Every structure is written in structure tokens, then in C-alpha cells.
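Heads up: the structure comes next, in C-alpha cells.
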Amino acid sequence: MLEVIEELFGNALAINVSEMCLHRRVGESGSNQVSPVSALLGTRNAKLVEAVQIMRDNIESPLSLEAVADQASLSRRHMERLFQQHTKMSPGQYYNNLRLDRAFALLNETDLSVSEIAFASGFSSTDRLSVHFRGRYNVSPHNFRRSWSHESGN
């Protein structure tokens, strides 16, 4: 199912869904279990996984790519090479997709206003969210939500 989600909506959303479904038991630290992030990235490259986790932890208030690289103890250039090699996109594109995945999920799962969703997804305005959302999903956030509520019978 995760492969279908990844094919239809991208790797970042598949990672989010995977993490919603996988829960670690208390006391499980130190296990050799592959993290959902590394499994969906298709690599155990610790620095790439760490950079992605830093991005995921900072969606509402996005960090600069320099800050992500710095927190992951990477040079900006090395981080860019890792993202290109393993995700076929730049770190900026990947981070933006994570934020769009958050917006997509919030539009589906909450009654938050589009404005609230924009800020919860790290966009400075509904206009910025709309531009990026339309670019990825070919529909505005407002129309997406309207079509979703009509299909579910609401």
C-alpha cells in the first residue's frame, strides 16, 4: 500500500503514512529495526535520514537548508548530493513536498481553515500554499477540500 501511496502522491506522504502505522514499544531503543524514514528512502544513510527527520520536525516553522545541513552535521553541498542520489530531488524540493503532504493530510483529516493549514504547513500565507498545492496536485486547496467533502457525502 505504501508503494501505491508513493506512486500517486510522493515519497514524503508515504513516509508520513508509514510512521502513522508504525509505533515503537517503550524500551525498544537500540533495536536494529529499520526506521520508516530509512525504509522509504531506500537507504540507511544516517546523515540523510537525520536531515529528513530534522525537516519533518520543523514543518510548521521551516528551517533554512543551511540550518538543516548544519544540524545534521553536513555541508550544504554534501546534503544536496545525498538528496539527489537517494530521492532524485533537491533538499528544497523534498522539504516543500513534506510541507505539502502535511497540508494534504490536514485538508483531509481536519476542519481547520485553509489559512490555519497554510501556517501549520509552514507557508507564510494561503496564497503561497495555493500556488505550491496547485503546482503539485493540480487543484487549489479550497477546491480539493470541496471535492473531498462531496465524495464523502458531507
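These values consider heavy atoms only, across backbone and side chains, with no hydrogens, waters or symmetry-generated copies. This one's a predicted model, so the numbers in the text were calculated from it and none came from an experiment.
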- request: Find the distance between CZ (Phe83) and CE (Met55) and round it off to the nearest 0.5 Å.
  value: 3.5 Å
- prompt: Which residue pairs pass the side chain to side chain donor-acceptor pair (under 3.5 Å) test when at least one of the two sits in residues 62-76, sequence neighbours left out?
  reply: Glu66-Arg76, Arg76-Glu80
message: Going by the rule side chain to side chain contact (heavy atoms under 4.5 Å, CB included), which residues pair with Ser140 if we only count those two or more places apart in sequence or in a different chain?
response: Arg134, His142, Asn143
- request: To the nearest 0.5 Å, tell me how far Leu65 CG sits from Tyr95 OH.
  value: 8.0 Å
- request: With the side chain counted from C-beta on, respond yes when Val52 and Thr87 share a heavy-atom pair under 4.5 Å apart, and no when they do not.
  value: no
- line: Across all chains, not counting sequence neighbours, the side chain to side chain donor-acceptor pair (under 3.5 Å) partners of Ser113 are Glu116
Transitive ILVMFWY side-chain link Phe144 to Val131, under 4.5 Å: no
Minimum side-chain heavy-atom gap Arg81-Arg77 below 4.5 Å: yes
query: Are Phe119 and Leu100 co-members of a hydrophobic cluster defined by side-chain heavy atoms under 4.5 Å apart?
result: no
message: Looking only at side-chain N and O atoms, does Gln93 offer a donor or acceptor that is under 3.5 Å from a partner on Asn97?
response: no
task: Only counting residues at least two apart or in another chain, list the ones meeting side chain to side chain contact (heavy atoms under 4.5 Å, CB included) with Ala120.
output: Leu106
- prompt: From Leu82 CG over to Lys47 NZ, what is the distance, rounded to the nearest 0.5 angstrom?
  reply: 10.5 Å
query: Taking only residues at least two apart or on different chains, which pairs with a member in residues 118-133 satisfy side chain to side chain donor-acceptor pair (under 3.5 Å)?
result: Asn96-His132, Arg128-His132
- prompt: Hey, what do you get for CD (Glu50) to CG (Leu74), rounding to the nearest 0.5 Å?
  reply: 7.5 Å
query: If you take all heavy atoms of Met89 and Gln84, which pair is closest and at what distance?
result: C-NE2, 3.3 Å
Neighbour count >12 (heavy atoms, 6.0 Å) for atom CG, Asp111: no
Between CZ on residue Arg145 and CG on residue Leu107, distance to nearest 0.5 Å: 5.0 Å
message: Going by ring-ring contact (aromatic ring centres under 6.0 Å, His included), name the residues that satisfy it together with Tyr137, two or more places apart in sequence or in a different chain.
response: Phe104, Phe133
message: Test salt bridge (Lys or Arg N to Asp or Glu O under 4.0 Å) on Arg136 and Asp101; report intermediate values, then the result.
response: CA-CA 10 Å; Arg136 182 157 179 208; Asp101 291 340; 2.8 Å; yes
message: Run Ile117 and Thr110 through side chain to side chain contact (heavy atoms under 4.5 Å, CB included) and show every step you take.
response: CA-CA 9 Å; Ile117 289 170; Thr110 72; 4.2 Å; yes
